[in-house]
Amino acid sequence: MQIKVTKGAAESATLAVDLVAGALRAKPDLNFGLATGATMVGVYLELVHRHQIGELSFAKTKAYLLDDYVGLDADDPRAFASVVEEKFCDLVDIRSESVVAPNSQATDLEAEANKYETLVCEAQIDFQLLGIGRNGHIGFNEPGTAFDSKTRLACLSLQTRQDNAGFFSSVDKVPKRAITQGIGTILRAKKIVLIANGAHKATAIRDAVCGFPSEASPASALQNHSDVTVIADREAASMLNSC
Ligand code: GLP
């Protein structure tokens, strides 16, 4: 694992996008894994900026979403597919047919999850963006998830629902389920860049980076991967000194 400590969210986004830019230079037809959450908003802003100044093109890129809520209308602005569309895909030159997401409206959600697993594995993600939950979750893989888990229908913990309540009118309105790539699925990506900002992520980052890999910290599974960069601002990295 490579650890990069930044002064704050803006520098974290710049650094993450520098890595995306390098990957795109090497492989313009990048299979790009997209994540959501507040942390990613700055990353998408920077990606869009670099596109607008002519530095980055996604014309040959295919994008794959990490996860999405179950139970929201397809056009709900809080659905991750809508967020990624609004904040990134609609603002760059990626072709709309090149953006792939699990269909969280499917009548058979288990079958849809299996289908998405096959699709993501066949594609082989070159570069995966990742955030981290306060409890160490990646995607919607909550503590206790097996490291070899596949894409599936997962239940959100109360903490995760509370953390995401700001996007809804109350915690009761936060969906209880999601389709998420499994930890095993995420680990198949060739390169993974995890970004964390803020003191509320410090414990999760400490456990992910220097804790013994354990299902109690889903992100600690990343220690088993050969190409992971963790970009953490000073606050999120503040508990790494004691490692
Ligand atoms: C959600 C997403 C995760 C993301 C996490 C962190 O739970 N499923 O993929 O990492 O939020 O979000 P934030 O960046 O808002 O802290």
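For this chain, numbers begin at 1 and follow the sequence in order. Each ligand, and each atom within it, is numbered from 1 in the order the structure gives. As a basis for the values below, the full set of heavy atoms in this structure was taken, side chains included, without hydrogen atoms, waters or symmetry mates.
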So, [X] side chain and [Y] main chain: donor-acceptor pair closer than 3.5 Å or not?
X: Glu142; Y: Ser157; value: yes
X: Gln181; Y: Leu65; value: yes
X: Ser149; Y: Ala146; value: yes

Students should be able to answer this: which protein heavy-atom is nearest to [atom], and at what distance?
atom: atom 12 (O) of ligand 1; answer: Gly37 CA, 3.8 Å
atom: atom 11 (O) of ligand 1; answer: His137 NE2, 4.0 Å
atom: atom 3 (C) of ligand 1; answer: Gly139 O, 3.5 Å

Practice task
Determine whether the side chains of Ser214 and Ser220 contain a donor N or O and an acceptor N or O closer than 3.5 Å.
Solution key: no
Which ligand 1 atoms are under 4.0 Å away from a heavy-atom of [X]?
X: Ile132; value: 6 (C), 10 (O)
X: Ala38; value: 13 (P), 14 (O), 15 (O)
X: Asp67; value: 2 (C), 8 (N), 9 (O)
X: Lys201; value: 13 (P), 14 (O), 16 (O)
X: Asn164; value: 7 (O)
X: Thr36; value: 4 (C)
X: Gly131; value: 10 (O)

Practice task
Quick one: sort the Tyr69 and Phe168 rings into parallel, tilted or perpendicular, breaks at 30° and 60°.
Solution key: perpendicular
Problem - Residue list, side-chain contact (heavy atoms from CB on, under 4.5 Å) with Asp75, at least two apart or on another chain - result: Asp73
Without placing hydrogens or testing angles, list every side-chain donor-acceptor pair under 3.5 Å for residues 24-34, not counting sequence neighbours.
| from | atom 1 | to | atom 2 | distance (Å) |
| --- | --- | --- | --- | --- |
| Lys27 | NZ | Asp29 | O | 3.1 |
| Lys27 | NZ | Asp126 | OD2 | 2.8 |
| Asn31 | ND2 | Ala123 | O | 2.9 |
| Asn31 | ND2 | Gln124 | O | 3.3 |

Problem - Contact (N/O only, under 3.5 Å) between Thr39 and ligand 1 - result: yes
Handout entry: Part of Arg134 with heavy atoms under 4.0 Å of ligand 1, whether side chain, backbone, both or neither
Key = neither
Practice task
Only one of Val17, Leu19, Leu15 passes side-chain contact (heavy atoms from CB on, under 4.5 Å) with Val193; say which it is.
Solution key: Leu19
